Amino acid sequence: APEQILGRSPGPPVDAYALGCVIFDMIRGGPPFRGTTGAVLDAHLEIEAPALGSGDTALDATVAQLLAKKPDARMTAFGALADQGSGS
């Protein structure tokens with residue numbers, strides 16, 4: 001997560017970002033960012049993740065929110081994630 005790269009304490013938003021990366025990898029067959037270690041770290045800090053493009057707009061929006069650069073913009077409660085998945 002961007003804040004972890006910057007040396008801030010981990011917490012639920014870091015876990016949410018990691019979950020977004022895992023889901024992205026599972027759907028697209030690779031991580032949101034590729035390249036050298038430095039390029040990937042910079043991308044996690046500065047570049048919005050590419051669109052998931054799963055064909056499911058709710059899933060795409062959920063993953064985009066999990067991969068938000070600002071920790072406060074990420075959903076971190078399981079209930080919120082479950083609500084997104086059900087279309088609520």
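Keep in mind it's a predicted model, so treat the numbers as computed, not measured.
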Q. At what distance, to the nearest 0.5 angstrom, does CG of L66 lie from CZ of F24?
A. 12.5 Å
(Q) Tell me every residue that passes side-chain contact (heavy atoms from CB on, under 4.5 Å) with A64, counting only those two or more places apart in sequence or in another chain. (A) none
Q) Going from CD1 on I23 to CG on L52, what distance comes out if it is rounded to the nearest 0.5 angstrom? A) 8.5 Å
Q. So, the side chain of K69 versus the backbone of I47: is there a donor-acceptor pair under 3.5 Å, distance only?
A. yes
Q.
Please give me the minimum heavy-atom distance between A49 and L67, naming the atom from each residue.
A. CB-CD1, 3.7 Å
**Q.** Atom pair OG1/CG of T36 and L41 - distance to nearest 0.5 Å
**A.** 8.5 Å
Q | D60 side chain vs S54 backbone, donor-acceptor pair below 3.5 Å | A | yes
Please output the side-chain donor-acceptor pairs of residues 4-20 that fall under 3.5 Å, not counting sequence neighbours, one pair per line with the distance.
residue: Y17; atom: OH; partner: H44; partner atom: ND1; Å: 2.7

Q: Identify the two heavy atoms, one from P50 and one from R28, that lie closest to each other, and give their separation to 0.1 Å.
A: CB-NH1, 4.4 Å
Q. Do C21 and P31 come close enough that some side-chain heavy atom pair is under 4.5 Å?
A. no
